[in-house]
Amino acid sequence: MAGVKLSVLSKTGREAVVAMLGPGDFFGEGCLAGQPIRIGSATALTPSMILLIDKAKMVRLLQQAALDVRPLHHAHAGAQHPD
């Protein structure tokens, strides 16, 4: 069941629903990609718990995760697969 509705408004003021989110889903990642302004709205349709993560902390976590995964990627890339 969807708990959060993500929507945007057209220039004429009509709402367009772009996603319905449920448990474990996330939103707001546009700011991590350099999006300077919020372009949509998130509306809780059911009682929801929202976790706010500081941008600088999230960037550090993503960078650390990339470093943690890199050795696995290189090991996998060098593995020989049977034909």
Side-chain angles (χ1 to χ4, degrees):
M1 168 175 233
V4 176
K5 171 181 70 173
L6 299 184
S7 61
V8 294
L9 289 179
S10 71
K11 290 180 182 179
T12 61
R14 292 184 55 135
E15 179 185 51
V17 176
V18 294
M20 299 295 284
L21 305 179
D25 290 334
F26 60 91
F27 60 92
E29 67 278 7
C31 73
L32 296 174
Q35 188 177 49
I37 59 170
R38 181 178 59 85
I39 59 172
S41 296
T43 305
L45 303 175
T46 60
S48 302
M49 182 180 296
I50 307 298
L51 175 64
L52 175 65
I53 303 173
D54 178 74
K55 180 179 178 178
K57 288 182 182 179
M58 188 66 196
V59 169
R60 281 194 304 276
L61 287 170
L62 290 171
Q63 290 170 340
Q64 182 60 48
L67 291 174
D68 291 345
V69 171
R70 190 172 302 144
L72 296 175
H73 173 72
H74 289 299
H76 179 70
Q80 302 241 340
H81 297 284
D83 290 327

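Below, each value reflects all heavy atoms present in this structure, side chains not excepted, and no hydrogens, waters or symmetry copies.
The two atoms that bring S48 and G3 nearest to each other are OG-O, 3.6 Å, heavy atoms only. Shortest non-hydrogen contact noted between D25 and M20 is OD2-O, 4.4 Å. Taking both residues in full, the closest heavy atoms of K5 and V17 are given as CD-CG2, 3.7 Å, listed atom of the first, atom of the second, then distance. Between I39 and V8, the closest heavy-atom pair is O-CG1, 3.3 Å.
Hydrophobic clustering, with ILVMFWY side chains joined whenever heavy atoms are under 4.5 angstrom apart, keeps L21 apart from L52. In the hydrophobic clustering of this structure, L45 does not group with I50; members are Ile, Leu, Val, Met, Phe, Trp, Tyr whose side-chain heavy atoms approach within less than 4.5 Å, directly or through other members. With hydrophobic clusters built from ILVMFWY side chains whose heavy atoms lie under 4.5 angstrom apart, L51 shares a cluster with V59.
Atoms CD and CG, on E29 and L62 in that order, are 11.0 Å from each other to the nearest 0.5 Å.
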